[in-house]
Amino acid sequence: MRLILGDSVDKLKELEDNSVDSIVTDPPYGLSFMGKKWDYDVPSQEIFEECLRVLKPGGHLLSFAGSRTYHRMAVRVEDAGFEIRDQIMWIYGSGFPKSHNIGKAVDKLQGNEREVIGTKIHSQKGVKAAEERTTIGAGAFGEPREADITKGNSQWEGWGTALKPAHEPIVMARKPLSEKSIVDNVLEWGTGGININESRIGTEQITINGQGNDNLFHGNFSGKIDNPIREGRFPANIIFDEEAGKILDEQSGISKSTGGRSGNKEGVGQNGIYGQYSGEVRDENPGLGDTGGASRFFYCPKTSKKDRNEGLDDFEDKYYAAGNQAKAELKRGNVEFNANKGKGSDERHNHNQVGVSKNNHPTVKPTDLMLYLIRLVTPKGGTTLDPFMGSGSTGKAAVRGGFDFVGIEREKEYMEIAEARIQYEKDNPYNEETKTRITVKKEVNEKVNKFFNF
């Protein structure tokens, strides 16, 4: 394992050709997020060309992107020499709209009166910076304030400027094969395919009976399936977080998977394909026959409040923002902003509020999500690379899944956080079945270890 401090455009050149099995990364989106210099643009074509060089033939790249700048990311990945294979959609329910109220702005400009139709309480405490700008209607410093809910009569009432953010696309690309076929490439390099079985959704058992190629009977079929049981549903190119999964289930309601008979009449295959079938005819249902909401068809990684700060006990508390509105408020100096106060005990996993955390990286991804992506495209025990490591979620996930890892990060502040988080994962192995640490050590080893490179 190697953690490298420096700019990826330079440090990638120090890695050997064809030396990593996969690349899983959450790079800058090119949105100038919170004024961060590192987010001024999506990664350059040069960086993706270096990624292509160090990746083994057939190796996959999974790169998160912003909804507004995905096209720029995908084009640069493709122009670097990758084949675009798919797009995975990471859907979350915690986004908050950052939309300008055009109707209200028009009334203010024209001096129109607005009808008061109700009141609301700003649950966040006011701060001087916000009070001076009157941006959030904050009252006296440290006190909540009641504000009017108004409605105008102009033709632009109800118009805004932005949608609620609810997804981040992931570029799924592959380095061209070096061999004549995918089978030859897998045997030569161990890369080229995706790990379907390790990425199945759920652990329900599915009974497979009398299937030919592509679930169709072509010509003669005789005999039984050697391994008639498999677990989970086929992985999809959509992933939901817990909140989005709950919203989907509320909309879909409860349904039962019925499947269909696997034992068709002799001489008739599934989907009406005719041919001779002399094997055993069974009445089992090849579907799961389970009951639940629609989210059960998709992977929904769980989030944990502990995940972000594990291993950082010795670090100072710092402010961070979760959600677009919270990011804007923190930028204004409103460190008390919380749009979820009073909405429930979990407060939507701390989304859309300014919080205090030892890990102040603004775009921390859940470890379970990153591990799922690594497993999807990395051979067991293989090496995955993250050239934009941030606070180390990909490295932490790699350790948890038994993979080797190479991470590059240019900001020393985030490198120190990543070191500590990854070391904690090494010292305190995580049991994925029970969702608990196997052995939690009271003291974590020194942050700088033999696998850290500076």
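Just so you know, residue 1 is the first one in the sequence shown, and it goes up from there.
At a threshold of 4.5 Å between non-hydrogen side-chain atoms, the residues Asn237 and Met172 do not count as touching. When side chains are defined from C-beta on, Glu413 does not count as touching His361, because their heavy atoms never get closer than 4.5 Å. At a threshold of 4.5 Å between non-hydrogen side-chain atoms, the residues Glu46 and Lys13 count as touching. A 4.5 Å side-chain heavy-atom check between Arg114 and Glu157 finds at least one atom pair inside the cut-off. By the 4.5 Å heavy-atom criterion applied to side chains, Phe48 and Leu61 are counted as neighbours. Taking the side chain as every heavy atom from C-beta outward, Asp307 and Val364 never approach each other to under 4.5 Å. Between Glu49 and Ser44 the shortest side-chain heavy-atom distance does not fall below 4.5 Å. Residues Lys246 and Ser295 have side chains not in contact (no heavy-atom distance under 4.5 Å, counting atoms from C-beta outward).
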- Message: As a quick check of understanding, evaluate side-chain contact (heavy atoms from CB on, under 4.5 Å) for Glu425 and Tyr430, giving each step before the final call.
- Response: CA-CA 7 Å; Glu425 190 70 28; Tyr430 185 80; 3.5 Å; yes
- Item | Evaluation steps, salt bridge (charged side-chain N to carboxylate O under 4.0 Å, His left out), between Asp368 and Arg400 | CA-CA 9 Å; Asp368 284 352; Arg400 182 173 297 182; 3.2 Å; yes
- Message: One pair to check against side-chain contact (heavy atoms from CB on, under 4.5 Å): Arg296 and Ser255. What are the steps and the verdict?
- Response: CA-CA 10 Å; Arg296 73 188 188 279; Ser255 63; 3.5 Å; yes
- Query: Can you check side-chain contact (heavy atoms from CB on, under 4.5 Å) on Leu376 and Asn195, steps first, answer last?
  - Reply: CA-CA 5 Å; Leu376 180 66; Asn195 196 339; 5.8 Å; no
- Item | Pair Glu432-Arg375, salt bridge (charged side-chain N to carboxylate O under 4.0 Å, His left out): steps then yes or no | CA-CA 14 Å; Glu432 293 186 72; Arg375 279 199 177 122; 2.5 Å; yes
- Evaluate side-chain contact (heavy atoms from CB on, under 4.5 Å) for Leu373 paired with Ile170, printing each intermediate quantity in order. CA-CA 10 Å; Leu373 296 175; Ile170 303 171; 4.1 Å; yes
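Thr150 places no side-chain N or O within 3.5 Å of a backbone atom of Glu115 that could act as its donor or acceptor partner. In this structure, the side chain of Arg53 engages the main chain of Leu15 through a donor-acceptor pair within 3.5 Å. Without hydrogens or angle criteria, Asp317 side chain to Ser357 main chain gives no donor-acceptor distance under 3.5 Å. Side-chain N or O atoms of Arg233 include none that pairs as donor or acceptor with a backbone N or O of Phe297 at under 3.5 Å. Judged by distance alone, with hydrogens and angles left aside, the side-chain atoms of Thr384 form no donor-acceptor pair with the main-chain N or O of Ile374 at under 3.5 Å. Remark: side-chain polar atoms of Lys358 are paired, donor with acceptor, to backbone N or O of Phe315 under 3.5 angstrom. Between the side chain of Asp241 and the backbone N or O of Glu243, at least one donor-acceptor pair lies under 3.5 Å. Counting only distance, with no hydrogens or angles, the side chain of Asp21 and the backbone of Thr383 share a donor-acceptor pair below 3.5 Å.
Rounding to the nearest 0.5 Å gives a distance of 6.0 Å between CE of Met1 and CG of Asp404. Within the model, atoms CD1 of Ile239 and CD of Glu168 stand 11.5 Å from one another, a figure rounded to the nearest 0.5 Å. The CD1 atom of Ile201 sits 8.0 Å away from the CZ atom of Phe298 when rounded to the nearest 0.5 Å. Between the CD1 atom of Ile117 and the NZ atom of Lys151 there is a distance of 6.5 Å, given to the nearest 0.5 Å. The CD1 atom of Ile149 sits 6.5 Å away from the OG1 atom of Thr119 when rounded to the nearest 0.5 Å. Taking NZ from Lys175 and NE2 from His60, the interatomic distance works out to 13.5 Å, rounded to the nearest 0.5 Å.
Checked against the 6.0 Å centroid threshold, Tyr372 and Tyr299 count as a close aromatic pair.
Of all non-hydrogen atoms in Phe405 and Ala398, the two that sit nearest each other are CB-CB, 3.9 Å. Ser391 and Ile417 make their closest contact through CB-CG2, 3.8 Å (heavy atoms, listed as atom of the first residue, atom of the second, distance). The minimum heavy-atom distance between Tyr29 and Thr69, with the atom names listed, is O-OG1, 2.5 Å. Taking every heavy atom of both residues into account, Pro27 and Met73 meet most closely at CG-CE, 3.6 Å. Across all non-hydrogen atoms, the minimal contact from Ile23 to Pro387 is CG2-CD, 3.8 Å. Among all heavy-atom pairs drawn from Gly390 and Glu409, the shortest one is N-OE1, 2.7 Å.
The number of heavy-atom neighbours closer than 6.0 Å to NZ of Lys435, taken from other residues, nucleotides and ligands shown, is above 12. Atom NZ of Lys365 is surrounded by more than 12 heavy atoms from other residues, nucleotides or ligands within 6.0 Å. Around atom NZ of Lys108, no more than 12 heavy atoms belonging to other residues, nucleotides or ligands sit under 6.0 Å away. The number of heavy atoms from other shown groups lying within 6.0 Å of CG (Asp314) does not exceed 12. Within a 6.0 Å radius of CG in Leu163, other residues, nucleotides and ligands contribute 12 heavy atoms or fewer.
Between Trp90 and Tyr92, the ring planes lie tilted relative to each other; the angle falls in the 30° to 60° range.
Checking Thr191 against Arg174 by side-chain atom types alone, no donor-acceptor pair falls below 3.5 Å.
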